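Reviewing the structure listed below.
Everything numeric in this text was worked out from a predicted model, so none of it was measured. Letters A, B, ... mirror the listed sequences (proteins, then strands); counts begin at 1. In what follows, every heavy atom counts, from backbone to side chain, and hydrogens, waters and symmetry copies are set aside.
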Number of protein chains: 2
Amino acid sequence: MERKTASRRRGDELEQAILDAVWEEFQAVGFSKLTMEGVAKRAGTSKPVLYRRWSSPVDLMIACAANRIPKAESVPDTGSLRGDTIALLTLAHERMRMVGQTAMLSMLAQVSVDPEARKVLIEGIVVNLVKALSGTVYTRAIARGELAGEHLTERLTRLPIDLMRNEFILFGHVSEDAIESMLDEVILPALRARGAKV
Amino acid sequence: MERKTASRRRGDELEQAILDAVWEEFQAVGFSKLTMEGVAKRAGTSKPVLYRRWSSPVDLMIACAANRIPKAESVPDTGSLRGDTIALLTLAHERMRMVGQTAMLSMLAQVSVDPEARKVLIEGIVVNLVKALSGTVYTRAIARGELAGEHLTERLTRLPIDLMRNEFILFGHVSEDAIESMLDEVILPALRARGAKV
DNA sequence: TCCATCAAGATACGGACCGTATCTTGCGGA
DNA sequence: TCCGCAAGATACGGTCCGTATCTTGATGGA
């Protein structure tokens with residue numbers, strides 16, 4: 001409620017202001033204490049305005065996350081599949097840390113009882129992340145001749161981010177060592193078995 | 001409150017009755033509507049009795065899950081590493097379905113803000129599951145000569161259940177095809193790279 | 001320029017559940 | 001037999017939910 005006499009916001013301007021407020025509130029009080037009332041207050045608006053758009057704090061958080069995720073981002077080209085995959089895992093890790101373990105789990109928990117929200121989250125974020133990140137890395141490796149494209153399955157494409165997500169969800173952090181073990185003990189052997197020359 | 005005139009329960013008897021009630025309530029209303037009040041009512045007791053032992057519905061659910069998980073269970077010996085691993089994944093899947101996607105995610109979310117509960121859940125359930133199930137399978141495979149024990153890392157031991165958990169958490173169900181792709185595209189290649197003869 | 005419309009924003013409400021304090025009552029041990 | 005202790009009942013203030021109602025400001029069309 002900072003805007004006593006300021007002008008009344010509408011449409012996208014309002015919506016963006018609310019989603020920004022969600023993020024601030026999330027950073028300030030954490031996900032478990034993220035309430036509609038708190039967000040409304042911080043955004044200088046009221047609950048009904050929020051409820052006209054989203055149906056719960058988790059819904060709000062999902063929209064906020066979708067809003068903040070960079071639309072497209074690329075993994076740096078390090079010259080090799082191994083280097084690129086490390087970069088891929090590191091980037092994915094950063095993305096996850098931005099959201100945080102608790103928020104990620106809460107969003108997933110919510111989504112598990114709401115097929116509609118599931119589409120938004122899973123397809124809108126998870127799948128996109130995989131496509132944008134893993135996609136680049138593998139396309140490049142195929143161009144280099146390190147990888148035979150026709151043997152790349154969906155499972156293998158998802159694998160790096162799946163392993164990272166699992167680790168992050170369980171422990172809340174992922175060490176350098178963990179990344180290396182995923183890479184050298186699982187990902188690369190699995191790729192080699194499908195014809196990767198690395 | 002069915003026990004109007006029945007005798008007053010104490011100690012372990014009471015505790016077990018409460019944990020049973022948690023499970024019934026969970027089955028009846030789902031995890032998101034599992035409240036202390038509801039459980040107390042169903043168990044024929046009252047909130048303070050619950051709060052003397054557990055601090056929240058999630059805490060209750062974690063205790064209930066730990067209570068219901070069979071202490072030791074074994075993977076059937078199918079004669080081969082591949083068959084055993086399928087059995088392992090299937091069994092892990094059944095365990096997860098018993099708890100359910102939502103409850104599992106909610107428990108993990110809770111644990112992520114409570115280091116004390118984390119110990120109970122992660123070490124008491126996750127790690128035990130890995131040790132009990134994967135342990136058996138790998139020990140057997142080593143005895144058969146299919147696997148070189150000294151090359152087995154912690155990551156590889158965890159791998160099957162990690163993959164299964166990730167799949168279950170994302171989609172809430174795991175198909176036969178999914179199990180096979182985990183096995184043939186990831187797990188077995190990773191094991192072969194460490195000297196498995198399969 | 002003025003007005004009709006519509007959403008923003010304020011306020012209030014019943015309800016669910018939380019977490020705790022207080023009290024009584026039955027059980028079990030000494 | 002009686003004492004101590006925990007079970008169980010009840011009540012309370014508090015927070016947040018989700019909605020209904022009302023006022024007010026912005027916008028677009030005549």
Side-chain angles (χ1 to χ4, degrees), chain A residues 1-22 25-26 28-64 102-103 106-107 109-110 113-114 116-117, chain B residues 1-22 25-26 28-63 102-103 106 109-110 113-114 116-117:
Chain A
M1 294 246 293
E2 306 299 341
R3 333 179 344 284
K4 289 284 175 200
T5 54
S7 87
R8 179 174 288 184
R9 300 156 299 177
R10 290 173 167 269
D12 290 346
E13 182 198 356
L14 174 62
E15 198 142 318
Q16 189 58 50
I18 293 173
L19 293 181
D20 288 346
V22 172
E25 185 76 0
F26 166 58
V29 305
F31 182 81
S32 64
K33 290 179 183 166
L34 189 77
T35 69
M36 296 303 244
E37 308 205 341
V39 171
K41 195 170 183 180
R42 188 179 288 268
T45 181
S46 60
K47 283 197 293 171
V49 175
L50 267 54
Y51 275 105
R52 276 168 205 143
R53 299 175 167 72
W54 303 281
S55 64
S56 69
V58 191
D59 227 51
L60 215 41
M61 190 68 221
I62 292 175
C64 171
T102 309
S106 305
M107 287 191 281
Q110 169 62 15
V113 292
D114 181 347
E116 202 50 43
Chain B
M1 294 244 295
E2 306 299 342
R3 329 176 352 281
K4 291 285 176 199
T5 54
S7 87
R8 180 173 287 184
R9 299 155 301 178
R10 291 174 166 269
D12 290 345
E13 182 198 356
L14 174 62
E15 199 143 318
Q16 189 59 48
I18 294 173
L19 292 181
D20 288 346
V22 173
E25 185 77 359
F26 167 58
V29 305
F31 182 82
S32 63
K33 289 178 184 167
L34 189 77
T35 69
M36 296 303 245
E37 309 206 340
V39 171
K41 195 170 182 181
R42 187 180 289 268
T45 182
S46 61
K47 285 197 293 172
V49 176
L50 268 53
Y51 276 105
R52 275 171 205 141
R53 299 174 167 74
W54 304 280
S55 65
S56 69
V58 191
D59 227 51
L60 215 41
M61 189 68 221
I62 292 175
T102 310
S106 305
Q110 169 62 15
V113 293
D114 181 346
E116 202 50 44

| field | Integer-rounded Å distance: C/dA21 C1' and B/Leu50 CG | value | 17 Å
| request: Answer with yes or no whether A/Lys47 presents, from its side chain, a donor or acceptor under 3.5 Å of a partner atom in the base of C/dG9. | output: no
| message | Check the phosphate of C/dA8 against A/Thr45, side-chain N and O only, distance under 4.0 Å to OP1 or OP2. Yes or no? | response | no
| query | In whole angstroms, how far is the P atom of D/dT15 from the CE atom of B/Met36? | reply | 20 Å
| Taking atom types as they are modelled, is there a donor-acceptor pair under 3.5 Å from the base of D/dG8 to the side chain of B/Arg52? | yes
| said: Both B/Ser46 and A/Glu37 contact DNA chain D. Taking the nearest nucleotide for each, which residue is further toward the 5' end? | reply: B/Ser46
| field | Value in whole Å for how far the C1' atom of D/dG8 lies from CD1 of B/Ile18 | value | 11 Å
| task | Quickly work out the B/Leu14 CG to C/dG28 C1' distance and round it to whole Å. | result | 15 Å
| message | Does either side chain, that of B/Gln16 or that of B/Asp20, offer a donor lying less than 3.5 Å from an acceptor on the other one? | response | yes
| message | Please pick, from C/dC18, D/dG8, D/dT19, the nucleotide with the shortest atom-to-atom distance to any side-chain atom of A/Pro48. | response | D/dT19
| query | Just to confirm, is there a sub-4.0 Å distance from OP1 or OP2 of D/dA6 to any side-chain nitrogen or oxygen of B/Arg9? | reply | no
| Any idea which of D/dA7, D/dC16, C/dC18 is nearest the B/Pro57 side chain? | C/dC18
| query | Expressed in angstrom and rounded to an integer, what is the separation of B/Tyr51 atom OH from C/dG19 atom P? | reply | 4 Å
